[in-house]
Amino acid sequence: MVSQPAASKTISSEAEKIVEYVQFGRTGLRVSKLCLGTMTFGVQCDEQQSFAILDKAFDAGITFIDTADVYPSGHDGDLGGLTEEIVGRRLKGKRDRVILASKFGVPMGPNPWNMGGSRKHILDSIDASLRRLNTDYLDLYQIHFFARHSPLDETLGALDDVVRSGKVRYIGCSNYAAWQLARAIGRSEALGIARYESVQPRYSMLFRNIERELLPLCEHDNVAVIPYNPLAGGFLSGKHAAAEPPTEGTRFTLGSAAAPYQERYWADDKFAVVDQIRPLAADAGMSMVQLALAWVIANPLVTAPIVGASNPEQLDDSLAALGTPLDADLKSQLDELTNHYRTVDVSR
C-alpha cells in the first residue's frame, strides 16, 4: 500500500467534534474524512433545511462538499441545477472554507449534446456549474458516468484544458469500472495531461464488488476513493420493513430515484442481512447508521465516504461513526455476513 501521511485533526469550537483530514490520493490536497453529499437539497429538503444541514456540517468540521449539475435526486421535471444554486447561495462569503466538488455528464437538456463527455458539453457544463455555485473554480470536477459515446481522449483533453484554465483544480470520475479507470489513467499518462485523481463508486456492506478490482487499482495508482451510498440509500439504517411498503419521503419513494433504489436494495436477502446486523449493532452500543458507516470507514483504501442528510440531526450518527473505530472482530463478522455482495452483478 502507498504510504500516507498521518491524518491531522481539527476541532470545531462550536460542535466540539473531531474531524480527521486525510491526503487526497497522490495529490497535495487534504480533505475532511467525511464528505457531505447534497443530492437531497431541493426536493427532500427545502432551501432553509439545506442551509441548516450545511451549517451543521461546517460546525462539525466537514469541509468537503460534493454536488452535481443534475441534482437534486428524484426530481421529475426541470430542477437540474437547483442543488448547485442552493449550495452556491450558502457558500457566498465562505468559499475559502470548503473543498468543493461537482459532477457533469448526465443529460441537462433536450439536445443530444447536453450530456456525456464531449468537449462541447464539458466546456458548457463547467461554466454553468461555476455560475450556479457562485464561484470562480471547483476543487474537484468529476464525470458522473463513463461516456461510452465520447472519445476518451477528447474527454480527457477537454478536462485538462479546464484544469489549465484555472477553472478546476483536480479531475475525477464517478461510477467507473476498474477497466475504465485504468484505461483513462493510461491515456492521460501517454498524453501527458491531467489524470483522474479520484473515483466515486457505490460502496456499502450490501454492494462490495469494488473490492475485487477497483480498490486494488486505486491502491496501485494512489487514486482517492470517495464512495457514495455507504448506508445503501438509508436501507442499512434499519428503518424499513419487508412486510411494509417503502417509507414515504425516502429515496425508495422519491420520484425518478424510487425505481433504481428499490431495484438495488429492496429484496428479501438484504432485509435478512439487516435483521442479522441489528443485534450486532446493539451489542456494540452503536446505531445501525453508525455501524454501517464505520464499516466503510474501516477500509484503509477509502479516503472519505460521502454522507447525506435530509435534516441536520441525521449527521450526528455519521459524526459518531467517525469517532468510533470498528472493533476488528466485529468487522470480521460483518465481512463474513456480507461476503456475497462482493460478487454482485455490477450492472445493478
Side-chain angles (χ1 to χ4, degrees), residues 33-41 43-45 53 62 64-68 70-74 83 101 103 106 142 144-146 172-177 198-212 214-215 218 224-240 246-247 249-267 269-271 273-274 277 287-299 301-310 314-315 317-318 321-322 334 338 340-348:
K33 182 65 178 174
L34 290 180
C35 177
L36 180 68
T38 60
M39 66 163 55
T40 59
F41 295 3
V43 171
Q44 287 179 269
C45 312
I53 293 168
I62 299 174
F64 188 11
I65 309 298
D66 179 74
T67 189
V70 73
Y71 292 166
S73 177
T83 299
K103 299 184 286 293
V106 176
Q142 307 152 97
H144 215 144
F145 293 91
F146 186 74
C173 59
S174 179
N175 297 298
Y176 266 42
S198 64
V199 63
Q200 187 177 136
R202 180 157 60 101
Y203 185 50
S204 71
M205 282 190 282
L206 299 181
F207 191 82
R208 295 177 52 188
N209 70 290
I210 68 168
E211 295 174 4
R212 296 156 55 203
L214 185 62
L215 289 186
C218 292
V225 180
I226 49 175
Y228 70 93
N229 265 193
L231 306 180
F235 191 86
L236 283 168
S237 68
K239 63 185 176 184
H240 301 286
T247 307
T250 68
R251 295 178 198 177
F252 294 89
T253 61
L254 193 65
S256 59
Y261 273 93
Q262 288 186 38
E263 182 182 1
R264 288 175 186 176
Y265 304 118
W266 205 269
D269 63 301
K270 295 180 176 66
F271 277 109
V273 169
V274 168
I277 291 173
S287 71
M288 293 283 283
V289 169
Q290 282 180 257
L291 185 69
L293 184 55
W295 181 88
V296 172
I297 292 171
N299 189 320
L301 299 181
V302 168
T303 304
I306 299 173
V307 296
S310 55
Q314 287 182 351
L315 289 178
D317 274 339
S318 298
L322 190 62
L334 294 170
T338 62
H340 164 71
Y341 299 110
R342 296 182 74 248
T343 55
V344 69
D345 181 356
V346 297
S347 68
R348 294 191 64 193

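Along the sequence shown, residues carry numbers from 1.
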Evaluate the side-chain proximity of [Y] to [X]: yes if any heavy-atom separation is below 4.5 Å, no if none is.
X	Y	answer
K103	V70	no
V273	H340	no
Y265	N229	yes
V225	P201	yes

_Using side chain to side chain contact (heavy atoms under 4.5 Å, CB included), reason through Y228 and N175 one step at a time and then give a plain yes or no._
CA-CA 10 Å; Y228 70 93; N175 297 298; 2.5 Å; yes

If you compare all heavy atoms of [X] against all heavy atoms of [Y], which two are closest, and at what distance to 0.1 Å?
X	Y	result
A224	T303	CA-OG1, 3.4 Å
I306	I226	CD1-O, 3.5 Å
V274	G238	CG1-CA, 4.0 Å
A294	A321	N-CB, 4.0 Å
C45	A309	SG-O, 3.9 Å
Q142	C173	CB-N, 4.2 Å

_Any donor-acceptor pair under 3.5 Å from T83 side chain to F41 backbone_ =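 Confirmed, T83 side chain pairs with F41 backbone.
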
Enter the distance from [X]:[atom1] to [Y]:[atom2] here, rounded to the nearest 0.5 Å.
X	Y	atom1	atom2	value
L206	I277	CG	CD1	6.5 Å
H144	Q200	NE2	CD	6.5 Å
W295	L334	CH2	CG	8.5 Å
M288	L293	CE	CG	13.0 Å
I62	I53	CD1	CD1	11.0 Å
L322	Q290	CG	CD	11.0 Å

*Using the test side-chain hydrogen bond (donor to acceptor under 3.5 Å, both in side chains), find all partners of T67 that sit at least two apart in sequence or belong to another chain.*
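Scan of T67 (side-chain hydrogen bond (donor to acceptor under 3.5 Å, both in side chains), adjacent residues dropped) gives T38.
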
*So F235 and H240, would you call those rings parallel, tilted or perpendicular, with 30° and 60° as cut-offs?*
parallel

_Working note: R202 + I210, criterion side chain to side chain contact (heavy atoms under 4.5 Å, CB included); need CA distance, chi angles, decisive distance, verdict._
CA-CA 8 Å; R202 180 157 60 101; I210 68 168; over 6 Å; no

*Between K270 and Y341, do the side chains contain an N or O donor and an N or O acceptor separated by less than 3.5 Å?*
no

*Consider only side-chain N and O atoms of N299 and E211, and report whether a donor and an acceptor are under 3.5 Å apart.*
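Result is no, nothing qualifies.
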
_If the test is side-chain contact (heavy atoms from CB on, under 4.5 Å), which one of P305, P230, S318 qualifies with I297?_
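For I297, the side-chain contact (heavy atoms from CB on, under 4.5 Å) check succeeds only for P305.
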
_Under the side-chain contact (heavy atoms from CB on, under 4.5 Å) test against P227, which residue among V199, V302, L215 passes?_
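In the set V199, V302, L215, the residue that makes a side-chain contact (heavy atoms from CB on, under 4.5 Å) with P227 is V302.
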
*asked:* If you apply the rule side chain to side chain contact (heavy atoms under 4.5 Å, CB included), what do you find for L36 with L315, and how did you get there?
replied: CA-CA 9 Å; L36 180 68; L315 289 178; 4.0 Å; yes

*All salt bridge (Lys or Arg N to Asp or Glu O under 4.0 Å) counterparts of D317, not counting sequence neighbours*: none

